[in-house]
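Report on the structure given below.
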Amino acid sequence: MFDDLADVYEAMIDWPKRLAYEASFYRRLFDEAGVRRVLDMACGTGHHAAMFHAWGLSVESADVSPAMIERARASFGSSDGLRWVVRAFDRPVDNREPFDAAICVGNSLALAADRATVERAVRQMVAAVRAGGIVIIHVLNLWRLADGPCQWQKCQRLTLPSASETPRDALIVKGVHRCGGRGFLELVVADPATGRLLRSESTPLLGIEASDVTRIAIDAGAKSVDLFGGYRNEPFDCNKSVDLVLVARR
């Protein structure tokens, strides 16, 4: 899905605004931990990795999608300090020197096939960083959503790149809903001139609970875990927080 609709997702995110909002959170943590080398476990199209590299950090970015890696490489280039690797986030990291920080953000962990994959992924992240290093995980907090109805988040008319498989002018609606312990990301693409439905997708999401991911991180060797409800250091509230951001220190 994300290979086919990469242009749609890329166009729907205001990356300069998003990165400006999140940057101070990462800078504070990176400065506190003395971070010089970063591992991005699910980099997508590479915007976080490129931001960290622009700060003078060395970054290895991995994604299970070869198309995403190629897009990231084409957008931001590559060098000894900015590497792109095709690898699933639950696979071992082949690196002789531990990283100072590892991240898995943008709700990527919730796309795991099952909870066993989540556990392997978190263990790989903790194993990849040195003693004193940090692990940052961000997922949507599905538990704030009522069980059942879809919460529609965006409705945008977008002009997409001419190479996109979707027509250049498209109306895109995105939402999320929870059904028991799982979530679903809903995407509808329509022709704005005729209203004709061009495409619809429903992607399942795991409902990742704060207590579970905390336990996994501690069992994997993390010495402490802090939970936030977003990138302004606000405390996590299971009933109200839109996001769950976990920061584990090894």
Item to complete: Before giving the answer on side chain to side chain contact (heavy atoms under 4.5 Å, CB included), spell out for K240 and E234 the whole-Å C-alpha distance, their side-chain angles and the decisive distance to 0.1 Å.
Response: CA-CA 11 Å; K240 297 180 180 179; E234 60 270 38; over 6 Å; no

Judged by atom type as modelled, is there a donor-acceptor pair below 3.5 Å linking the side chain of [X] to the main-chain atoms of [Y]?
| X | Y | answer |
| --- | --- | --- |
| S108 | V105 | yes |
| R199 | V188 | no |
| D147 | G180 | yes |
| R249 | S224 | no |
| D90 | T117 | no |
| D191 | R196 | no |

Give the cluster check for [X] versus [Y]: same hydrophobic cluster or not, with ILVMFWY residues linked at side-chain heavy-atom distances below 4.5 Å.
| X | Y | answer |
| --- | --- | --- |
| V225 | I208 | yes |
| L246 | I103 | no |
| M12 | V176 | yes |
| I216 | F89 | yes |
| L205 | V242 | no |

Taking all non-hydrogen atoms of both residues, which atom of [X] and which atom of [Y] are closest, and how far apart?
| X | Y | answer |
| --- | --- | --- |
| V38 | L57 | CG2-CD1, 3.9 Å |
| A210 | F236 | CB-CE2, 3.8 Å |
| L171 | C155 | CD1-SG, 4.0 Å |
| M41 | L39 | SD-CD2, 3.2 Å |
| A33 | G132 | CB-O, 4.1 Å |
| F25 | G230 | CE1-O, 4.1 Å |

Do [X] and [Y] have side chains that get closer than 4.5 Å, going by heavy atoms?
| X | Y | value |
| --- | --- | --- |
| V173 | W152 | yes |
| V129 | D100 | no |
| S241 | D237 | yes |
| V85 | E60 | yes |
| V122 | V213 | yes |
| L187 | S202 | no |
| I136 | L29 | yes |
| H53 | H48 | no |

[atom1]-[atom2] distance between [X] and [Y], expressed to the nearest 0.5 angstrom:
| X | Y | atom1 | atom2 | answer |
| --- | --- | --- | --- | --- |
| I69 | D63 | CD1 | CG | 5.0 Å |
| R120 | D114 | CZ | CG | 6.5 Å |
| M51 | L19 | CE | CG | 5.0 Å |
| R182 | F184 | CZ | CZ | 6.0 Å |
| R83 | C43 | CZ | SG | 12.0 Å |
| L145 | N239 | CG | CG | 11.5 Å |

State whether the number of non-hydrogen atoms from other residues, nucleotides or ligands found under 6.0 Å of [X] atom [atom1] is greater than 12.
| X | atom1 | value |
| --- | --- | --- |
| K154 | NZ | yes |
| D94 | CG | no |
| R87 | CZ | yes |

Worksheet item: Just checking, is any N or O donor in the side chain of S24 or R27 under 3.5 Å from an acceptor N or O on the other one?
Response: no

Worksheet item: Under the side chain to side chain contact (heavy atoms under 4.5 Å, CB included) criterion, do H138 and Y231 qualify, and how do the steps go?
Response: CA-CA 10 Å; H138 159 246; Y231 289 93; 3.4 Å; yes

Worksheet item: Below 4.0 angstrom, N of the basic side chain to O of the carboxylate: do E119 and R115 qualify?
Response: no

Worksheet item: Can D219 and R215 be counted as an ion pair, charged N to O under 4.0 angstrom?
Response: yes

Discussion item. For E186 and H177: C-alpha separation, side-chain torsions, deciding distance, then whether side-chain hydrogen bond (donor to acceptor under 3.5 Å, both in side chains) applies.
Written reply: CA-CA 8 Å; E186 307 292 351; H177 67 100; 2.9 Å; yes

Item to complete: Evaluate side chain to side chain contact (heavy atoms under 4.5 Å, CB included) for L244 paired with W143, printing each intermediate quantity in order.
Response: CA-CA 10 Å; L244 166 62; W143 312 109; over 6 Å; no

Item to complete: Check the pair D243 / N141 against side chain to side chain contact (heavy atoms under 4.5 Å, CB included), numbers first and verdict last.
Response: CA-CA 5 Å; D243 299 302; N141 173 33; 5.9 Å; no

Practice prompt. Measure from NZ or CZ of R73 to the centre of the six-membered ring of F76 and say whether it is under 6.0 Å with the direction within 45° of the ring axis.
Written response: no

Worksheet item: Can you tell which of W55, Y21, F52 makes a ring-ring contact (aromatic ring centres under 6.0 Å, His included) with Y26?
Response: F52

